[in-house]
Amino acid sequence: MADAVVVGSGPNGLAAAIALAQAGRDVSLLEGQENVGGGCRSAPLTLPGFVHDTCSTVHALALASPFLSRLPLAENGFEAVHPEAPLAHPLDDGSAVMLERSVDRTASGLGRDADAYRRLFGPLVDDAEALFGDVLAPLRPPRHPLLLSRFGLSAVRSAVGLARSHFDGERARALLGGCAAHSMLSLRAPVSAAFGIVLALSAHAVGWPVARGGSQRLADALAGHLRSLGGSVETGRMVTSLRDLDSRGPVLLDVTPRQLLALAGDRLQGRYRRSLERFRYGPGIFKLDWALDGPIPWTAREAARAGTVHLGGTLAEIEAGEQAVTDGGHSERPFVLLVQPSLFDATRAPAGRHTAWAYCHVPNGSARDMTAAIEAQVERFAPGFGDLIAARSAMDSAEVERRNPNYVGGDINGGLQGARQLFTRPVARPVPYSTPLPGVYLCSSSTPPGGGVHGMSGYWAARAALRTGGLFSRA
Ligand SMILES: Cc1cc2nc3c(=O)[nH]c(=O)nc-3n(C[C@H](O)[C@H](O)[C@H](O)COP(=O)(O)OP(=O)(O)OC[C@H]3O[C@@H](n4cnc5c(N)ncnc54)[C@H](O)[C@@H]3O)c2cc1C
């Protein structure tokens with residue numbers, strides 16, 4: 001019997017297990033799938049020789065994470081490969097707005113908004129590490145209140161509100177809108193600006209790298225480090241009831257509220273249960289992975305310098321597309337997030353050939369096939385793209401959930417990340433990771449700070465377990 005059991009080996013489950021092992025606990029990590037990693041895995045989805053990341057590819061948040069960034073991941077096989085530019089945002093005039101590592105170089109592509117861009121990001125980049133520490137955390141008195149209030153004044157706003165008041169031109173507005181759309185919120189919603197600022201800031205502060213060989217390498221490096229600390233990892237073990245778990249100490253669950261309800265059965269009652277039942281999931285995604293016979297032929301050639309490409313044109317167009325999804329519909333011209341890792345990591349495809357993936361947002365649980373709509377958006381900015389497709393894999397929101405039960409209805413963030421649920425996820429209580437069941441904690445992205453491969457939900461949940469476990473010393 002272990003000192004602590006963690007169920008689920010997504011980045012948060014792995015981080016929780018490592019934090020517990022670092023504190024001297026004998027940890028057992030149980031994973032339902034055959035591979036560790038959850039949203040950080042790779043698989044041969046198309047043709048022999050092509051490596052695809054089933055979920056995450058861009059690991060800005062892993063580098064920004066105060067916990068993951070300090071782990072010996074390189075020694076365990078993880079190598080961050082930085083594209084020359086983090087992001088390209090092509091426009092219909094044949095140019096692309098480029099988000100570069102440098103604030104100044106980015107600003108220089110924004111015409112009359114150059115100074116406004118420097119004013120927004122310059123001061124934050126200087127203190128990015130401190131800001132990430134405050135932002136990737138549960139609600140608590142900030143360690144850097146002045147910095148956080150400077151960030152907060154812009155961050156609490158809607159993305160369109162900030163973009164239209166701070167910038168005059170379409171280029172800067174589109175750039176911020178595309179980054180904010182990662183939130184899967186309406187761009188008219190409060191705090192949607194926060195996601196745009198944090199993502200663009202991370203591009204300047206740490207970059208948007210991919211993992212050489214695929215994201216599985218990052219998950220494997222975390223699992224390798226866990227084993228080196230004495231932890232054990234068991235895959236192919238889908239836990240169906242908390243009663244099946246043997247632990248001398250805490251149990252940490254890298255699952256979302258709906259699964260917690262199922263795992264706990266009638267042991268969870270009252271207000272907490274009702275709050276979990278009311279927990280709101282966000283929109284889903286429809287994802288394509290391609291094996292390509294060549295690099296994507298972007299009209300704006302500079303887009304080939306970027307790992308990530310945002311396809312959606314102007315801020316107004318992105319705003320309309322995301323609003324359609326928020327309102328329960330589908331956009332004919334959806335905002336598309338595309339990643340082209342093989343341009344920078346040759347291990348992902350046979351020589352001269354390439355991989356790419358793209359997804360768009362859809363209503364939660366949508367079964368609509370968005371293949372044509374996504375590929376039309378790529379073709380719009382890269383005519384001839386379709387001729388390069390050697391094979392494709394498509395996943396609607398049900399398939400996304402089938403591959404990972406945490407992606408309920410295709411929601412990849414473990415729940416809606418709007419203002420009302422961002423820091424009080426899954427239930428408003430002083431320690432959001434704790435549950436009314438003694439020794440049982442949630443550690444997934446359904447707890448603060450939410451979605452992304454940063455491991456901080458796992459870290460903070462482990463801290464809570466170590467603090468309140470009685471038997472356990474402080475981390
Ligand atoms: C297509 C896609 C693209 C993405 N792109 C990025 C990106 O580029 N960068 C980024 O930072 N983030 C990205 N994300 C989001 C990121 O992957 C998630 O936010 C992150 O993985 C959440 O981590 P987690 O540990 O909370 O949960 P998950 O990674 O979802 O892991 C949960 C794990 O728990 C296991 N599990 C669940 N229930 C049980 C059970 N009962 N018994 C045993 N095991 C169980 C699951 O099998 C899974 O392995 C993307 C997600 C998707 C789907």
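Counting convention: from 1, in listed order, for ligands and their atoms alike. These values consider heavy atoms only, across backbone and side chains, with no hydrogens, waters or symmetry-generated copies. Just so you know, these numbers come straight off a predicted model, no measurement behind them.
Of all protein heavy atoms, the one closest to atom 11 (O) of ligand 1 is Val453 N, 2.8 Å. For atom 31 (O) of ligand 1, the nearest protein heavy atom (residue, atom name, distance) is Gly10 CA, 3.2 Å. Looking only at protein heavy atoms, the nearest one to atom 36 (N) of ligand 1 is Gly8 CA, 4.0 Å. The shortest contact between atom 19 (O) of ligand 1 and any protein heavy atom is with Gly452 N, 2.7 Å. The protein non-hydrogen atom at the shortest distance from atom 49 (O) of ligand 1 is Glu31 OE1, 2.7 Å. The shortest contact between atom 29 (O) of ligand 1 and any protein heavy atom is with Gly39 N, 2.7 Å. Among protein heavy atoms, the minimum distance from atom 52 (C) of ligand 1 is reached at Cys55 CB, 3.4 Å. Of the protein's non-hydrogen atoms, Ile412 CG2, 3.1 Å is the one closest to atom 53 (C) of ligand 1.
For the pair Asn413 and ligand 1, no heavy-atom separation below 4.0 Å is found. For Cys40, the heavy-atom gap to ligand 1 stays at 4.0 angstrom or more. Under a 4.0 angstrom heavy-atom cut-off, His59 registers as lying outside contact with ligand 1.
Between Leu61 and ligand 1, not a single N/O pair is under 3.5 Å apart. The shortest N/O to N/O separation between Thr54 and ligand 1 does not fall below 3.5 Å. Inclusion of Val239 in the set of residues having an N or O under 3.5 Å from an N or O of ligand 1 is warranted.
In this structure, His454 and Pro11 have side chains that are not in contact, with every pair of non-hydrogen atoms separated by 4.5 Å or more. The shortest side-chain heavy-atom distance between Phe132 and Leu201 falls under the 4.5 Å cut-off.
Salt-bridge formation is detected for the pair Glu317/Arg380: a Lys NZ or Arg NE/NH1/NH2 atom is positioned less than 4.0 Å from an Asp or Glu carboxylate oxygen. A salt bridge links Arg70 with Glu129: the closest approach of a Lys/Arg side-chain nitrogen to an acidic carboxylate oxygen falls below 4.0 angstrom. Using a 4.0 Å cut-off between charged side-chain N and carboxylate O, Arg237 and Glu234 make a salt bridge.
Using a 4.0 Å cut-off between heavy atoms, Gln259 contacts ligand 1 through its side chain alone, with no backbone atom that close. With a heavy-atom cut-off of 4.0 Å, Val400 does not touch ligand 1 at all. At a heavy-atom cutoff of 4.0 Å, ligand 1 is contacted by the side chain of Asn404 but not by its backbone. Contacts between Val58 and ligand 1, counted as non-hydrogen atom pairs separated by less than 4.0 Å, involve both the backbone and the side chain. The part of Lys287 lying near ligand 1 is the side chain, judged by heavy-atom distances below 4.0 Å.
Among Pro405, Ser56, Ala262, Gly32, the residue whose heavy atom lies nearest to atom 50 (C) of ligand 1 is Ser56. Around atom 37 (C) of ligand 1, the closest heavy atom drawn from Val7, Asn406, Leu260 belongs to Asn406.
Using the six-membered ring where Trp is involved, Phe279 and Tyr281 have ring planes that are perpendicular, over 60° apart on the 30 and 60° scheme.
At least one donor-acceptor pair closer than 3.5 Å links the side chain of Arg248 to the backbone N or O of Met1.
For His310 and His182, the distance between ring centers is under 6.0 angstrom.
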